[in-house]
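In this chain, residues are counted from 1 in sequence order.
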Amino acid sequence: MFKLAQILTFVPTSRDRSVLDALEHAVANRHLTRELIPDTPRAPGAPSDDGDPAPPQVLDLSFASQQWRTTVYAKDQPGMLVRRHCEVMVFTYLVEELRCGDIAVVGAEDFGDWTTMLLPWDQAKSQVAEFCEQAGIPGTADGFVDNLKQQLTQVAEEVDAGYPDNADLTIDPVSGVPSLKQRTGRERTVSAAALEAELDQRLPARGILEHLARAAHWTAWWHRLGPLSGSDP
């Protein structure tokens with residue numbers, strides 16, 4: 001993974017490059033053998049007005065879940081990361097960012113930068129009015145925001161109006177936390193009970209393994225399982 005990360009050139013498709021910063025920090029410390037590394041990869045900033053250097057910036061791990069951040073930070077040493085856990089976390093989120101297109105690989109076909117396929121603004125600007133007319137949305141920024149606010153307000157009013165008649169939804173008046181009640185099914189009809197009894201009589205109960213064995217015997221589905229290359233060896 002480290003060799004691949006050093007060979008490929010990753011670029012963000014948005015202004016958020018926190019995952020790439022964490023990847024650079026992991027790559028820079030891959031040669032270390034100690035367990036912990038600092039969470040301040042960047043050098044101190046320019047001196048302030050009083051001549052003192054600005055403190056180094058802490059690595060932004062906001063992209064990770066709370067469980068991951070709890071795992072990678074050393075419990076007894078503030079500001080220190082568990083190196084191996086941090087590496088696993090970085091590569092896990094790198095894969096996710098590549099999958100959803102938030103990070104691209106320069107020169108790649110499947111994971112290339114999709115923003116390069118967009119029309120330049122100089123070409124798209126003349127078509128904005130026609131596009132907005134066809135899409136039924138305002139053609140100005142202020143009008144677009146006002147339209148969204150109007151739609152949100154309308155939906156909120158409809159939801160508020162239907163709340164008294166909603167027996168399944170309850171909102172705590174103190175905390176404001178909504179909760180859904182467990183719904184109970186309607187009473188079963190006599191015909192439904194008779195149908196279930198007839199099915200139980202005609203269809204004997206079988207285990208999952210028995211079903212799999214019978215299906216494999218008749219369809220030979222197990223021939224379909226193998227490597228994508230088709231090479232059984």
Side-chain angles (χ1 to χ4, degrees), residues 9-25 39-42 45-46 54-73 89-106 108-186:
T9 302
F10 299 102
V11 293
T13 58
S14 65
R15 296 184 179 180
D16 183 11
R17 54 171 294 115
S18 54
V19 174
L20 291 182
D21 290 340
L23 175 63
E24 293 176 357
H25 185 49
D39 64 350
T40 54
R42 300 171 187 150
Q57 297 185 8
V58 178
L59 192 68
D60 182 11
L61 299 181
S62 59
F63 61 85
S65 64
Q66 182 61 44
Q67 290 84 353
W68 264 119
R69 294 197 296 269
T70 303
T71 302
V72 299
Y73 269 100
M89 178 194 69
V90 168
F91 283 118
T92 298
Y93 279 94
L94 176 62
V95 171
E96 180 64 21
E97 296 284 287
L98 287 170
R99 185 194 64 81
C100 65
D102 289 339
I103 291 179
V105 180
V106 175
E109 182 176 351
D110 293 338
F111 298 99
D113 188 355
W114 57 269
T115 60
T116 59
M117 297 183 290
L118 301 178
L119 282 176
W121 177 244
D122 295 338
Q123 300 180 20
K125 186 176 182 179
S126 60
Q127 306 179 29
V128 169
E130 182 181 359
F131 171 81
C132 292
E133 182 179 357
Q134 294 178 358
I137 57 178
T140 62
D142 294 337
F144 183 75
V145 173
D146 293 339
N147 184 47
L148 288 180
K149 289 181 178 180
Q150 182 180 358
Q151 294 183 37
L152 179 60
T153 302
Q154 181 179 355
V155 172
E157 291 176 351
E158 294 176 358
V159 173
D160 289 344
Y163 175 70
D165 300 329
N166 193 338
D168 298 325
L169 176 65
T170 302
I171 300 179
D172 188 278
V174 178
S175 62
V177 177
S179 60
L180 289 175
K181 296 181 181 177
Q182 184 176 3
R183 302 195 66 178
T184 57
R186 291 179 295 182

Q. For Phe63 and Met89, what are the C-alpha separation, side-chain angles and deciding distance, and is it a side chain to side chain contact (heavy atoms under 4.5 Å, CB included)?
A. CA-CA 10 Å; Phe63 61 85; Met89 178 194 69; 4.2 Å; yes

Q.
Could you walk me through whether Val128 and Trp121 satisfy the side chain to side chain contact (heavy atoms under 4.5 Å, CB included) test, starting with their C-alpha distance in whole Å, then the side-chain angles of each, then the deciding distance to 0.1 Å, before giving a yes or no?
A. CA-CA 10 Å; Val128 169; Trp121 177 244; 3.9 Å; yes

**Q.** Charged N-O contact under 4.0 Å between Glu97 and Arg17
**A.** no

Q. Between the side chains of Gln66 and Thr70, does any donor sit under 3.5 Å from an acceptor?
A. yes

Q: Test side chain to side chain contact (heavy atoms under 4.5 Å, CB included) on Asp21 and Asp60 and set out the steps.
A: CA-CA 8 Å; Asp21 290 340; Asp60 182 11; over 6 Å; no

Q | Set of side-chain contact (heavy atoms from CB on, under 4.5 Å) partners for Pro173, sequence neighbours left out | A | none

Q. Measuring from Thr40:OG1 to Gln57:CD, what's the distance to the nearest 0.5 Å?
A. 10.5 Å

Q) Roughly how far, to the nearest 0.5 Å, is the OH atom of Tyr73 from the CG atom of Asp39? A) 4.0 Å

Could you list the donor-acceptor pairs under 3.5 angstrom formed by side chains in residues 148-158, with sequence neighbours left out?
from: Thr153; atom 1: OG1; to: Lys149; atom 2: O; distance (Å): 2.8

Q | Phe10 and Leu98, any side-chain heavy atoms less than 4.5 Å apart | A | yes

Q. Do Thr116 side-chain atoms and Asp113 backbone N/O form a donor-acceptor pair below 3.5 Å?
A. yes

Q. Going by atom types alone, do Ser14 and Asp16 pair a side-chain donor with an acceptor below 3.5 Å?
A. no

Q | Atom pair CG (Leu59) and CD (Glu24), whose distance is rounded to the nearest 0.5 Å | A | 10.0 Å

Q) Is Tyr163 atom OH crowded by more than 12 heavy atoms from other residues, nucleotides or ligands, each under 6.0 Å away? A) yes

Q. Under 3.5 Å, side chain of Thr13 to main-chain N/O of Asp102, donor-acceptor pair present?
A. yes

Could you list the donor-acceptor pairs under 3.5 angstrom formed by side chains in residues 133-140, with sequence neighbours left out?
from: Gln134; atom 1: NE2; to: Glu130; atom 2: OE2; distance (Å): 3.4
from: Thr140; atom 1: OG1; to: Gly143; atom 2: N; distance (Å): 3.1

**Q.** Side chain to side chain, Val11 and Ile103, heavy atoms closer than 4.5 Å
**A.** no

Q: Calculate, to the nearest 0.5 Å, the distance between atoms CG and CG belonging to Leu94 and Leu20 respectively.
A: 7.0 Å

Q: To the nearest 0.5 Å, tell me how far Leu169 CG sits from Ser179 OG.
A: 7.0 Å

Q: Carefully, step by step, assess Tyr93 and Leu23 under the rule side chain to side chain contact (heavy atoms under 4.5 Å, CB included).
A: CA-CA 10 Å; Tyr93 279 94; Leu23 175 63; over 6 Å; no

